[in-house]
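Notes to accompany the following structure.
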Amino acid sequence: MSSDLDPYIFTTDTLPSDLRFLPPLANGLLGWKVYNNIMHMGGIYNGEGGRCHRADVPCPLSVRLEVEEPAEHMFSLDTRSGIFSHSLTTSSFTASQSLYAHRFYSNLMVMEVLLVRHVTSEQPITVSLTTSFTPRSKDIVFESGPDYEGGSHILGQTKTAEFPGASCHTVHLIWTPIPLTLTLQPQQPQARWGFILAVADTADSAMARYDEGLSLMATGSLRPSHVKAWKEMWLQSTVEVVGPQDLNKAVIGCLFYLLSAFPFIYEHPSPFGGVSPGGLSNGGDGQDYWGHVFWDQDIWMYPGIALFYPKLARAVLEYRVGTIEGAKDNAQKQGYKGLKFPWESAVSGREVCPEDIYGQQEIHINGDVTLAFQHYLHLTEDVSVFKEGRGSEVIYGVADYWVSRVTWNPKDQMYHLLGKHLCCLYHLTDSQVKKKHEKCLLFVSLEFAAELAELLQHPAPKEWMEVAKRIKIPFDERSQYHPEYDGYIKGHPVKQADTVMLGYPLGLDMSAAVRRNDLQAYEPVTDPQGPAMTWGMFAIGWLELGEADRAQLLLDKCFSNIQGPFQVWSESSDGSGAVNFLTGMGGFMQAVLFGYTGFRVRQDSLDFAPLLPGSISELCVRGVNYLGSQMDWLLRKEEVCIIVREQANGAFSSKSHDLQVVLKTSGAKIPLIPGNRTEIVFSCLYVGLKNYEILTFSQSSLFKVKLGHV
């Protein structure tokens with residue numbers, strides 16, 4: 001049984017029978033599933049090449065609280081504070097256990113126990129602490145180190161490096177020893193105990209972080225500093241729905257788990273290790289995609305985070321920059337120029353996919369990475385990530401790779417991609433059968449490379465735009481739709497959304513009739529047991545066409561992937577596949593953030609075309625960060641309210657912009673004044689939705705938030 005009193009608190013009196021769906025706690029560096037004796041640290045992998053996986057790190061906080069008396073149990077995950085709690089209430093006392101991965105001090109994990117008497121008694125109260133912890137790992141050779149400030153200490157090194165010649169990773173753990181029991185003395189009405197774990201890659205760092213934890217605990221600041229950091233995260237952005245409770249709770253849960261995979265918004269001194277499909281809590285040997293970073297990060301998880309948190313978005317880009325040398329090595333091994341980012345990535349950027357066929361042929365990852373960089377530039381105008389941050393090397397390297405991989409076909413006067421590619425992960429194609437998704441990404445990559453080169457005054461090879469303008473993207477003129485690949489037979493099953501992604505997020509210009517035909521062609525043949533992110537893309541497509549309720553029916557399919565009571569997602573609707581599936585959460589959040597709102601990030605504007613299904617009366621989106629300004633949006637059936645915050649944090653643009661709303665139907669301009677509430681009534685504009693079929697999508701947005709001096 002669970003409680004729905006507060007949508008930010010997931011509460012139950014019974015833990016899930018499948019322990020995979022216990023709540024994960026993470027902070028961008030450390031990740032752990034509560035009660036598990038294994039945790040993970042970002043960037044710490046064991047194994048060479050395709051055997052590379054997140055290294056299992058033993059967790060001293062794998063402790064369960066137990067009492068001898070009959071007790072009522074309550075388990076809760078407070079997403080506002082990122083704290084998991086277990087309380088046991090008896091007739092004479094309440095025992096509470098709290099667990100959290102510290103949001104600000106990311107090398108720390110914490111357990112607290114509180115005992116409170118209900119009645120005065122001369123008897124002591126004792127609770128048991130049962131642990132499954134052992135200081136061993138199948139991935140790391142540990143040895144005992146000298147105790148430090150009363151804390152136990154182990155240190156070890158992973159067994160195998162990621163590639164020949166690379167160094168193995170070192171891990172140090174220092175933690176407060178955990179006794180078998182805790183006792184509340186007769187004269188005490190209550191007592192609290194704190195236990196900290198510091199994890200780092202050097203002894204000095206582990207000791208320093210442990211000292212910080214002890215100092216914070218001594219001053220009573222350990223928990224408050226963690227809660228404060230989460231509060232600051234939520235003050236930056238929240239997304240709330242007035243409508244079905246399960247939808248609102250799902251949105252909150254998705255944003256919480258996605259944010260947990262990222263570092264803190266103001267400071268992340270350790271290199272960020274990227275986001276894997278199952279997050280930091282998962283990804284051991286043979287599990288949850290081994291903890292590797294896929295296209296999932298750049299296409300599925302990134303857009304919703306980048307809309308609010310430019311610094312976290314930049315951390316993703318910096319992760320990719322850090323893998324440039326590996327990407328260069330991948331391209332050279334394939335016989336091409338430039339950069340080929342790995343289908344599955346760990347630390348170096350060299351391919352670590354266990355199955356070589358995917359590593360060789362899933363080349364759309366290059367375009368996915370480029371799209372993330374383009375999205376960032378258009379949202380922030382921060383060119384430093386491309387200059388000093390080496391982002392331009394990524395974009396130009398990807399462009400060079402694409403150009404070196406095409407060949408000119410004199411028959412159709414078009415460029416074709418060389419080599420074999422994978423289509424939809426169901427069909428292996430030959431050199432005559434190409435995946436259209438990759439070709440559209442090729443076009444986007446080359447076009448953006450030319451745009452960036454002009455911005456940075458970098459001489460761009462003329463081949464970039466020559467290839468971009470003449471790359472063949474299959475289109476069936478007779479049926480007026482995009483076949484999944486050359487030779488695709490209409491009606492054959494597909495695994496997941498890919499062709500329907502041409503409209504969003506790739507932004508391929510097409511008529512509404514073609515967009516509708518694509519959706520109608522693939523919706524009935526898409527595997528109902530396919531990955532969770534699929535239906536969000538279909539929902540966005542139908543929202544573009546003005547069919548909000550049809551979109552909602554598709555988005556509702558995602559709820560079978562949400563495993564209660566802690567809103568943990570599974571990759572497949574039957575509960576199988578990757579756990580804490582952030583990829584699915586990212587797709588779901590995009591349906592909310594880019595579907596209901598119609599947000600589209602353009603080169604010189606942020607377009608929006610709001611449309612809510614009948615079951616939703618309001619959507620509140622706080623903290624949209626555009627060109628250094630933070631905006632709060634309230635969407636209702638017939639109006640949009642926008643407030644530009646007076647003081648925006650984390651602005652990257654070196655310029656100062658005034659913002660205005662441009663109504664595309666009339667051309668009217670409405671200035672957005674910081675601190676003022678701007679209301680736009682658009683009920684009359686919904687009539688235009690009936691005529692969407694005759695419009696191209698480059699013209700169909702109802703509004704445009706446009707930069708410029710008012």
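Because the structure is predicted, anything quoted here is derived from the model rather than measured.
- For Phe272 and Tyr319, the ring centers are positioned 6.0 Å apart or more.
- Shortest non-hydrogen contact noted between Ile680 and Ile670 is CG1-CD1, 4.1 Å.
- Taking CG of Leu606 as the reference point, atom OG1 of Thr597 lies at 8.0 Å (rounded to 0.5 Å).
- Here the side chain of Lys249 pairs no donor or acceptor atom with the backbone of Tyr8 at under 3.5 angstrom.
- Side chain of Lys557 to backbone of Ala532: no donor-acceptor contact under 3.5 angstrom is found.
- At least one side-chain heavy atom of Arg80 sits under 4.5 Å from a side-chain heavy atom of Asp6.
- Annotation: ring pair (Phe, Tyr, Trp, His ring centres under 6.0 Å) contacts of Trp542 (sequence neighbours excluded): none.
- To the nearest 0.5 Å, atom CG of residue Asp296 and atom CE of residue Met533 are 6.0 Å apart.
- For Met537 against Gly587, the heavy-atom pair with the smallest separation is CE-O, 4.3 Å.
- Shortest non-hydrogen contact noted between Cys641 and Glu679 is SG-CG, 3.5 Å.
- Take Trp295 and apply the side chain to side chain donor-acceptor pair (under 3.5 Å) test, not counting sequence neighbours, and it matches no residue.
- Between Ile83 and Leu25, every side-chain heavy-atom pair lies at or beyond the 4.5 Å cut-off.
- Counting heavy atoms from C-beta on, the side chains of Phe308 and Val239 come closer than 4.5 Å.
- Tyr376 and Glu381 share no side-chain donor-acceptor pair at under 3.5 Å.
- With sequence neighbours left out, Phe256 forms a side chain to side chain contact (heavy atoms under 4.5 Å, CB included) with Leu77, Thr79, Trp230, Trp234, Ser260.
- Atom CG of Leu593 sits about 10.0 Å away from atom SG of Cys254, to the nearest 0.5 Å.
- Here the closest heavy-atom approach between residue Ala591 and residue Leu543 is recorded as O-CD1, 4.2 Å.
- Take Tyr504 and apply the side chain to side chain donor-acceptor pair (under 3.5 Å) test, not counting sequence neighbours, and it matches Gln590.
- Between Trp464 and His458, the ring planes lie parallel to each other; the angle is under 30°, not in the 30° to 60° tilted range.
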* To do: Apply salt bridge (Lys or Arg N to Asp or Glu O under 4.0 Å) to Arg516 and Glu544, showing your working.
  => CA-CA 10 Å; Arg516 180 182 296 275; Glu544 285 179 349; over 6 Å; no

* To do: Check step by step if side-chain contact (heavy atoms from CB on, under 4.5 Å) holds for Leu506 and Leu371.
  => CA-CA 8 Å; Leu506 299 188; Leu371 204 63; 3.7 Å; yes

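- Checked by atom type and distance alone, the side chain of Tyr309 pairs as donor or acceptor with a backbone atom of Met233 at under 3.5 Å.
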Pairs under 3.5 angstrom only: tabulate donor-acceptor contacts from the side chains of residues 388-399 to other protein residues two or more places apart or in another chain.
residue : atom : partner : partner atom : Å
Arg390  : NE   : Glu393  : OE1          : 3.4
Arg390  : NE   : Glu393  : OE2          : 2.9
Arg390  : NH2  : Glu393  : OE1          : 3.0
Ser392  : OG   : Phe386  : O            : 2.9

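- When only modelled atom types and interatomic distance are considered, Gln630 and Gln236 share a side-chain donor-acceptor pair under 3.5 Å.
- Every residue meeting the salt bridge (charged side-chain N to carboxylate O under 4.0 Å, His left out) condition with Asp632, not counting sequence neighbours, appears here in chain and number order: Arg645.
- Tested against Phe588 for a ring-ring contact (aromatic ring centres under 6.0 Å, His included), the candidates Trp569, Phe581, Tyr257, Trp300 yield a single pass: Trp569.
- Taking CG from Leu247 and CG from Asp556, the interatomic distance works out to 7.5 Å, rounded to the nearest 0.5 Å.
- A 4.5 Å side-chain heavy-atom check between Phe294 and Pro277 finds at least one atom pair inside the cut-off.
- When each of Phe599, Tyr626, Tyr596 is paired with Trp633, the ring-ring contact (aromatic ring centres under 6.0 Å, His included) condition holds for Phe599 and for no other.
- Between the side chain of Asp658 and the backbone N or O of Leu672 there is no donor-acceptor pair closer than 3.5 Å.
- Side-chain atoms of Ser605 and His378 form no donor-acceptor pair, as typed in the model, at a separation below 3.5 Å.
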* To do: Begin from the C-alpha positions of Leu377 and Asp382 and carry the test side-chain contact (heavy atoms from CB on, under 4.5 Å) through to its verdict.
  => CA-CA 6 Å; Leu377 179 63; Asp382 173 26; 5.9 Å; no

* Might you work through the ring-ring contact (aromatic ring centres under 6.0 Å, His included) test for Phe264 and Phe104, ending with a clear yes or no? => CA-CA 6 Å; Phe264 187 55; Phe104 185 82; 5.4 Å; yes

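- When the salt bridge (charged side-chain N to carboxylate O under 4.0 Å, His left out) test is applied to Asp518, no partner is found at least two apart in sequence or on another chain.
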Could you pull out all donor-acceptor pairs under 3.5 Å where a side-chain atom in residues 614-623 meets a protein atom, sequence neighbours excluded?
residue : atom : partner : partner atom : Å
Ser617  : OG   : Val242  : O            : 3.3
Glu618  : OE2  : Arg636  : NE           : 2.8
Arg622  : NH1  : Thr238  : OG1          : 3.1

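- In this structure, the side chain of Ser106 does not engage the main chain of His102 through any donor-acceptor pair within 3.5 Å.
- Looking only at side-chain heavy atoms (C-beta outward), Val644 and Thr678 stay at 4.5 Å or farther from each other.
- Listed by chain and number, the residues in a side chain to side chain contact (heavy atoms under 4.5 Å, CB included) with Glu212 are Tyr105, Arg209 (sequence neighbours excluded).
- Side-chain N or O atoms of Ser76 include none that pairs as donor or acceptor with a backbone N or O of Thr11 at under 3.5 Å.
- In this structure, Arg223 and Val110 have side chains that are not in contact, with every pair of non-hydrogen atoms separated by 4.5 Å or more.
- Atom NE2 of residue His226 and atom CG of residue Asn27 lie 9.0 Å apart, to the nearest 0.5 angstrom.
- At a cut-off of 3.5 Å, with distance as the only test, a side-chain donor of Glu112 or Tyr100 sits close to an acceptor on the other residue.
- Side-chain contact between Val251 and Glu240 is absent, with no heavy atoms from C-beta onward closer than 4.5 Å.
- The nearest pair of heavy atoms linking Ile643 to Arg677 is CG1-CA, 3.9 Å.
- Residues satisfying the side chain to side chain donor-acceptor pair (under 3.5 Å) test with Asp298, not counting sequence neighbours, are Arg320.
- Using a 4.5 Å heavy-atom threshold, the side chains of Ile265 and Leu259 count as separate.
- The two residues Asn625 and Pro310 have their closest heavy-atom pair at ND2-CD, 3.6 Å.
- Leu582 CG to Met589 CE: the interatomic distance, rounded to the nearest 0.5 Å, is 12.5 Å.
- By the side chain to side chain donor-acceptor pair (under 3.5 Å) test, Asp368 is found to be paired with His364, residues two or more places apart in sequence or in another chain being considered.
- In this view, Phe538 and Trp535 satisfy the ring pair (Phe, Tyr, Trp, His ring centres under 6.0 Å) rule, not counting sequence neighbours.
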